[in-house]
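Each ligand, and each atom within it, is numbered from 1 in the order the structure gives.
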Amino acid sequence: MIGKLLKVFYSHTRSLEMLYLIDGIKKAVRLDANYHESEKIKKFCHDQKLFLELSDFKVIKAPDAGKGGYANIVKRLPISHSEDGLYHLYISRDKNIAKFLKILENKNDDRSVGELLGYPKCCIDFFMKNRERQQKIQNDYILPTLENSNGFKFPFYTNYAMRYFDITLLSHFPHDFNCKESIAIAKKNLECIKKFDKTLAGNFENMLRNAILYTENEGVFVFKNYRLENNILEYNEILPTEKNELFKLLNQNEKIEIISKNKIKTGNKILDNAGFMVFT
Ligand SMILES: [Zn+2]
């Protein structure tokens, strides 16, 4: 099933959203897709007896700085606009839910959209509270989530920073990396993946257990085989979103000093406003 989904939906993130929908653990999903993809997806939904609604607008993505092409910010355009854009697709087994999602998003009612998509109330509240401030930067909530979280060691279930590598068990930013409701959703999702593909589930779990250095503009860096002793992180391999100057520096030093979860030092460089997290 997952192989079949990947042929239509390409990324793991989109394919797994559909898997949760088909398996009945999600009531509705929202995806974006270009015209060509949406034609394929329409056919897929028809065959699976799923209802699909297409947005009355197109969106153009503005990729974040340092996220390997990932875009958290999108600009809406009228459907008649000549520029190629992406459509939002609202899919559900229930025709009314698909239609309702479309109407709510048209009205920019993010709270109700979140509720229909099954996000926990605590995380919707968190999103609404931080929305204005984050939309002015890159619309990414990793740092506010870290701010809300006690310490920097968390269960791998809520590792939402791996979405930049197409690996995640969540579809929303958790309000706290220890958010109980998010962990429960992620556990259910992992069980669902396991049911269809044990190897993929194992790979996901393995990849989500890591140490991560998040920066707003200079990239996201993943350390797989690391050693953390006191406040010193040692590693010999880095998975980066960007192979930039900071990546080179991290590679050369093979070591980071964790001054606080928002401040690290590597070589002579001190990074402020960063986020350091360990997911186990
Ligand atoms: Zn929450």
Side-chain angles (χ1 to χ4, degrees), residues 12-14 16-17 19-21 23-31 64 67 70 72-74 90 92 97 100-101 104-105 108-193 201 204-205 207-212 214 216 220 222 260-262 273-280:
H12 277 121
T13 307
R14 292 198 303 184
L16 292 174
E17 285 280 294
L19 187 73
Y20 309 146
L21 183 70
D23 202 42
I25 52 174
K26 271 198 96 155
K27 275 196 302 194
V29 301
R30 175 185 54 190
L31 308 172
D64 289 25
K67 305 261 175 65
Y70 197 101
N72 279 302
I73 292 188
V74 295
Y90 313 98
S92 175
I97 292 180
F100 206 35
L101 256 181
L104 290 171
E105 197 170 58
N108 288 316
D109 187 347
D110 285 346
R111 178 176 292 280
S112 305
V113 168
E115 281 168 7
L116 264 190
L117 292 173
Y119 303 162
K121 189 182 175 298
C122 46
C123 302
I124 297 176
D125 289 343
F126 161 79
F127 179 83
M128 298 304 290
K129 197 178 123 204
N130 288 285
R131 185 175 60 168
E132 206 182 317
R133 186 170 57 133
Q134 296 312 112
Q135 277 179 351
K136 283 184 190 143
I137 38 181
Q138 301 213 64
N139 210 25
D140 189 306
Y141 298 77
I142 297 287
L143 289 181
T145 300
L146 184 59
E147 182 76 46
N148 255 351
S149 312
N150 189 17
F152 63 79
K153 290 181 187 169
F154 311 112
F156 73 89
Y157 293 104
T158 56
N159 186 348
Y160 204 43
M162 283 305 283
R163 66 204 285 262
Y164 299 116
F165 301 88
D166 196 25
I167 298 170
T168 175
L169 294 170
L170 293 174
S171 336
H172 68 276
F173 281 99
H175 85 282
D176 178 320
F177 288 117
N178 290 306
C179 168
K180 285 199 169 64
E181 288 192 50
S182 298
I183 293 171
I185 292 173
K187 280 185 175 168
K188 247 194 215 166
N189 290 347
L190 186 61
E191 279 310 307
C192 174
I193 302 172
F204 256 52
E205 182 171 340
M207 286 303 290
L208 289 168
R209 291 183 194 270
N210 55 27
I212 293 195
Y214 172 93
E216 189 63 37
V220 182
V222 179
S260 77
K261 62 183 176 184
N262 296 118
N273 301 320
F276 179 76
M277 297 152 274
V278 172
F279 293 95
T280 56

Got a sec, which residues hit salt bridge (charged side-chain N to carboxylate O under 4.0 Å, His left out) with [X], two or more places apart in sequence or on another chain?
{"X": "Arg163", "result": "none"}
{"X": "Arg131", "result": "Asp110"}
{"X": "Lys121", "result": "Asp125"}

Asn139 side chain vs Ile73 backbone, donor-acceptor pair below 3.5 Å: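 No.
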
Thr168 (side chain) donor-acceptor with Tyr160 (main chain) under 3.5 angstrom: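 No, because the side chain of Thr168 does not come within donor-acceptor range (under 3.5 Å) of the backbone of Tyr160.
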
Protein N, O or S atoms lying under 2.8 Å from the Zn ion (ligand 1), listed by chain and number: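 Sorted hits: Cys122 SG, Cys123 SG, His175 ND1, Cys179 SG.
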
Distance-only side-chain donor-acceptor flag, Asn72 / Tyr164, under 3.5 Å: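 Short answer, yes.
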
